[in-house]
Amino acid sequence: DAGVIQSPRHEVTEMGQEVTLRCKPISGHDYLFWYRQTMMRGLELLIYFNNNVPIDDSGMPEDRFSAKMPNASFSTLKIQPSEPRDSAVYFCASSFSGVGRSGNTIYFGEGSWLTVV
Amino acid sequence: AQSVAQPEDQVNVAEGNPLTVKCTYSVSGNPYLFWYVQYPNRGLQFLLKYITGDNLVKGSYGFEAEFNKSQTSFHLKKPSALVSDSALYFCAVRDEGSGGGADGLTFGKGTHLIIQP
């Protein structure tokens, strides 16, 4: 399996611009998560989906952040407008809720390194 | 509420010596426990997990972890450290009864493991 695929891997953008991060979860997984990692705050859960439906977005920092999952194989995290404090690594992750060896384990993508200047 | 603590920000071990990275947890029900490793500029990689069964769990790269219910601990161990084990290690926990699938996973702040040649 190819694992969780994220794009872009690196993004440098100017303050005020729109940023869109993309994610393809592992095929067959029914949960998708967006995390943010910073030195100051560590790993934070922003939002997660179950069967393409947003379940908990309480971690989304503010209205500038939005996430969608139009189908089982694609999700986006959008920041509009972006600010320097949004600079972080954004991870997409997915999991399968069923039983078995891989059940209940979250698998992470390689991350999108975002720098807002 | 569930929580996980990694009491050491950094652990230094000489190559060839055994290593231990500590993790304690708090959940109201039965815990599902996980260890992840993050190499520089990479995503989190799943190492091992405890769901039920044997208290000693073996995982990738020669790592193992021991579930101790009375001490609410799940320390990560390896008999002989390699320089390539140097990375950031995360412990994570979720309550068996918290929602469906793998949502509700709480991560620790991470422990930097440094293996000295």
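In what follows, chains are A, B, ... by sequence order, proteins preceding strands, each numbered from 1.
- Other residues, nucleotides and ligands place more than 12 heavy atoms under 6.0 Å from the CG atom of Asn71(A).
- Put simply, Tyr90(A) and Val19(A) are part of the same group of oily side chains (I, L, V, M, F, W, Y) that touch within less than 4.5 Å, one to the next.
- Crowding of Arg42(B) atom CZ: a count of heavy atoms from other residues, nucleotides or ligands under 6.0 Å not exceeding 12.
- For Gln38(B), the part lying under 4.5 angstrom from a heavy atom of chain A is the side chain only.
- For the pair Phe46(B) and Thr105(A), the tightest heavy-atom approach, listed with the atom from each and the gap, is CD1-CG2, 3.5 Å.
- Note on Ala92(B), Gly108(B), Gly43(B): by heavy-atom pairs under 4.5 Å with chain A, the leading option is Gly43(B).
- Interface remark: Leu48(B) contributes no atoms to any contact with chain A (heavy atom separation under 4.5 Å).
- Heavy-atom proximity under 4.5 angstrom to chain B picks out Gly109(A), Glu110(A), Trp113(A) from residues 109-117 of chain A.
- In the hydrophobic clustering of this structure, Phe90(B) groups with Phe33(A); members are Ile, Leu, Val, Met, Phe, Trp, Tyr whose side-chain heavy atoms approach within less than 4.5 Å, directly or through other members.
- Contact of Arg41(A) with chain B is not made at all, since no heavy-atom distance falls under 4.5 Å.
- By the 6.0 Å contact criterion, CD on Gln10(B) is enclosed, its count of non-hydrogen atoms from other residues, nucleotides or ligands being greater than 12.
- Between Tyr36(B) and the options Tyr107(A), Phe91(A), Phe108(A), a ring pair (Phe, Tyr, Trp, His ring centres under 6.0 Å) holds for only Phe108(A).
- Hydrophobic clustering (side-chain heavy atoms under 4.5 Å, transitive across Ile, Leu, Val, Met, Phe, Trp, Tyr) groups Tyr89(B) together with Leu33(B).
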Residues Leu43(A), Leu44(B); criterion side chain to side chain contact (heavy atoms under 4.5 Å, CB included); working and verdict: CA-CA 10 Å; Leu43(A) 197 62; Leu44(B) 278 71; 3.8 Å; yes
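- Proximity to chain B is limited to the side chain of Gln37(A), based on heavy atoms less than 4.5 angstrom apart.
- To the nearest 0.5 Å, the span separating CG on Asn41(B) from CZ on Arg9(A) amounts to 8.0 Å.
- Leu45(A) and Met69(A) are members of different hydrophobic clusters when ILVMFWY side chains are connected at heavy-atom separations under 4.5 Å.
- Note on Tyr35(A) and Leu21(A): separate hydrophobic clusters, where clusters join Ile, Leu, Val, Met, Phe, Trp and Tyr whose side-chain heavy atoms are under 4.5 Å apart, directly or indirectly.
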